[in-house]
Amino acid sequence: MAADIWTALFIALLAVFTGYEVISRVPVLLHTPLMSGSNFIHGIVLVGGIMALGLATNTAEQAIGFIAVVMGAMNVTGGYVVTERILAMFDRSKPKGGTP
Amino acid sequence: MSAWVSDAIDAVYVVAVLVFILGLKAMSSPVTARRGIVYAGIAMLIAVVVTFFSPGLGNFPLIALGVAIGGLGGWYWARVVKMTAMPQMVAMFNGMGGGAAAAIAAVELLASLSNRATSGLSVAGAIIGSISIAGSMIAFLKLQGWMPSKAIVLPARQVVNTGVLVVGVAFGVITLWTSSLVWLLPFFVLLLLYGILLTLPIGGADMPVVIALFNALTGIAVALDGFALVNGPLGDAGYAMVIAGTLVGASGSLLTFLMAKAMNRSVSNVFFSAFGATEETGVTMKGSLKPIEATDVAAMMEYANQVIIAPGYGMAVAQAQGKVKELADLLEAKGVAVKFAIHPVAGRMPGHMNVLLAEANISYEKLFDRDEINAEFPNTDVVLVIGANDVVNPAAHREGSPLYGMPILDVEQAKNVIVIKRGQGKGFAGIENDLFYRDNCHMLYGDAQAAVGKLVSALKQG
């Protein structure tokens, strides 16, 4: 089944360039939301946690899998809420803008 | 048969990945940014929900309980925390992701150690994930103030740290080699320890680089877990993890290098030099520190054509951004142009100052990057430095200074510089600030919020 790993490697290679291109021109203003947003996106780890716990067959696997799910869920929701709060502030400041 | 279910789930993962990329793209412009996170959020929700329908999964009560605990905990915590505590929150949630990646790798190793290729990837994921959670937790403790934020330097640091890393990784290799699980525990313990040791000697002002790097590391750990998963019985979730993790790894690395470049230091210098632990000696300052009264500053600003405000971490600590907004409004009402000069590494995370000023409702059109505003300082009457130190230190132009070469805000070229500062201490870098001794510089001592408050009331009376 090593073929799957090679496929994944090709995909990863493309994702590197995508990640680089997509954010290479981000203004300083958005560095925080970008970091916080990408922090949220690696919350996809929750999917892996669900898989690990869902396929666990003994107590040790279940215990560690459970930790993975709790942490992954925290990453996802916390990352989302923090990003949303930061961006909400930028949104609010926009209409009040204008020339000094 | 459940073949169509698998296909449907795969299709959803493909769509989710597409929306992640679009969401990330949307986050590169202020106008579309908010839409971007909402899109990414919906995609994540769908991806998580369909995972429950994967054929052959069990332990649903445990999964539901875990999602509920982690989800509600993360949600609540992120909701109630103050905006000024955002850097440590980002560090915390990033650490959670790293920990989850390490735990998944551990489960993979327990379940299928016989497969060398997969287990090798799991070991790699475990290494990076463990370093990321331990390091992020130290960063969290430092930023939260539950631990001294300055560089903590242990004796024989380099040797000990390298030793811990090498032995830890060796345990991982032995685990693979012998297919025996007994080495897993010391493996994890040593790598967590390495994450702690790595982060201890890094001081508060270097945190923007550290947070960005650990973010990238977690992404890479997630991608490695994904690689290990694609070989498994339900492999396709692995592809989603590979793509999302790699995206974050790439974008996070880019951000890390941008931050390090803004300080004219390499990433390895940030991590391994224990910068700021030693103070510069042997440099004597010419001139003197000249205190000034708030009323005099207010008068000076009132008659200025343009005032530039350069905020730093001191403003965040004192939570002075609301007062700063008030001050800017008063000045503008009197016909004074007000701009903000933002250094890329001011504060404790990338873009920290932008967030705080946005919180205070200051329009982002008034915020200027270092490159945009440096040319304006010679034509500016008053520059107000609020709780910033190293990013305005002209020592960066002096050969031999530890700051030499760091791109700074050239505030010393303005006609008058007012520095709001709590005391006469040095900045994070432990270097005397030449600026404070210049003829055109005056010191307004006090907590940033109180000092700006005095300026506001003086302007109201004036």
Side-chain angles (χ1 to χ4, degrees), chain A residues 1-2 4-5 8 11-12 15-16 19-20 22-23 26 28-29 31-39 41-42 44-54 56 60-61 64-75 77-84 86-87 89-91 93 96-97 100, chain B residues 20 24-25 27-28 30 33-34 37 41 51 57 59 62-63 66-67 69-71 73-75 78 89-90 93-94 96-97 99-101 103-104 106-107 110 215 218-219 222 225 227 230-231 237 241-244 246-248 250-251 332 337 344 350-351 354-355 358-359 361 363-365 369:
Chain A
M1 293 293 259
D4 291 341
I5 291 181
I11 293 174
V16 169
Y20 187 88
V22 163
I23 75 130
V26 173
V28 178
L29 172 72
H31 278 171
T32 295
L34 173 79
M35 192 183 53
S36 175
S38 59
N39 186 14
I41 286 174
H42 67 52
I44 190 78
V45 74
L46 175 59
V47 167
I50 293 174
M51 289 283 179
L53 180 53
E61 288 173 24
I64 303 172
F66 182 73
I67 295 173
V69 170
V70 172
M71 286 183 161
M74 239 179 138
N75 182 178
T77 56
Y80 182 83
V81 172
V82 166
T83 312
E84 222 283 324
I86 292 170
L87 289 173
M89 291 179 328
F90 285 128
D91 230 22
S93 66
K96 293 193 180 179
Chain B
F20 279 159
L24 205 55
K25 176 77 191 156
M27 268 185 247
S28 61
R34 199 163 181 198
I37 185 66
T51 305
L57 282 197
N59 292 326
L62 265 183
I63 297 178
V67 170
I69 293 175
W75 188 277
M89 280 298 108
V90 173
F93 294 127
N94 179 56
M96 289 297 120
I104 292 167
V107 175
L110 291 178
N215 189 32
T218 301
V222 171
D225 277 359
F227 274 109
V230 293
N231 257 3
M241 287 170 70
V242 167
I243 298 174
T246 311
L247 274 178
V248 176
S251 61
E332 280 174 354
N354 302 86
V355 174
E359 187 200 6
N361 260 329
S363 164
Y364 57 70
E365 283 131 19
D369 198 1

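Protein chains get the first letters and strands the later ones, always in sequence-line order, with residue 1 at the start of each. None of the values given here were measured: they were computed from a predicted structure.
- Of all heavy-atom pairs spanning B:I63 and A:V69, the tightest one is O-CG1, 3.8 Å.
- Of the N and O atoms on the side chains of B:N354 and A:T32, not one donor lies less than 3.5 Å from an acceptor on the other residue.
- Here the CG atom belonging to A:L34 is positioned 6.0 Å from the CG atom belonging to B:L24, to the nearest 0.5 angstrom.
- Most heavy-atom pairs under 4.5 Å with chain A: of the set B:A250, B:G71, B:A103, this distinction falls to B:G71.
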Report task. In sequence, state the C-alpha distance, the side-chain angles, and the governing distance for B:I69 and A:F66, and then conclude on side-chain contact (heavy atoms from CB on, under 4.5 Å). Result -> CA-CA 10 Å; B:I69 293 175; A:F66 182 73; 4.0 Å; yes

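- Of the residues considered (B:V355, B:I243, B:V242), B:V355 shows the highest number of contacts with chain A, using heavy-atom pairs under 4.5 Å.
- Separating the CD1 atom in A:I86 from the CD1 atom in B:I37 is a distance of 9.5 Å, to the nearest 0.5 Å.
- Taken from CG in B:L110 to CD1 in A:I64, the straight-line distance is 5.0 Å, to the nearest 0.5 Å.
- If you measure heavy-atom distances from B:N215 to chain A, the contacts under 4.5 Å come from both the backbone and the side chain.
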**Report entry** Step-by-step side-chain contact (heavy atoms from CB on, under 4.5 Å) determination, B:R34 to A:E84
**Finding:** CA-CA 7 Å; B:R34 199 163 181 198; A:E84 222 283 324; 3.1 Å; yes

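- For A:I41, the parts sitting under 4.5 Å from any heavy atom of chain B are the backbone and the side chain alike.
- The distance from atom OG of A:S38 to atom CE of B:M27, rounded to the nearest 0.5 Å, is 8.0 Å.
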Requested in this report: May I have the step-by-step check of side-chain contact (heavy atoms from CB on, under 4.5 Å) for A:L46 and B:V67, ending in yes or no?
Outcome: CA-CA 9 Å; A:L46 175 59; B:V67 170; 4.3 Å; yes

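- For chain A, the option among B:D225, B:V90, B:D369 with the highest count of heavy-atom pairs below 4.5 Å is B:V90.
- Shown here for A:V47 and B:A237, the closest heavy-atom pair between the two residues is CG1-CB, 3.5 Å.
- Highest contact tally toward chain B, considering only A:V70, A:V16, A:T83, is held by A:V70 [criterion: heavy-atom pairs under 4.5 Å].
- Shortest non-hydrogen contact noted between A:V81 and B:W75 is CG2-CE3, 3.4 Å.
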Report task. Tell me, with the steps shown, if B:I104 and A:M51 meet side-chain contact (heavy atoms from CB on, under 4.5 Å). Result -> CA-CA 9 Å; B:I104 292 167; A:M51 289 283 179; over 6 Å; no

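- Most heavy-atom pairs under 4.5 Å with chain B: of the set A:A12, A:G37, A:G72, this distinction falls to A:A12.
- Comparing A:G65, A:G49, A:P33, A:A73 by how many heavy-atom pairs each has under 4.5 Å with chain B, the most go to A:A73.
- Across B:P344, B:G351, B:A106, B:A101, the residue that shares the most heavy-atom pairs under 4.5 angstrom with chain A is B:G351.
- Of the residues considered (A:V26, A:V82, A:I44, A:I67), A:I44 shows the highest number of contacts with chain B, using heavy-atom pairs under 4.5 Å.
- Heavy-atom pairs under 4.5 Å with chain A peak, among B:G219, B:A244, B:G99, B:G70, at B:G70.
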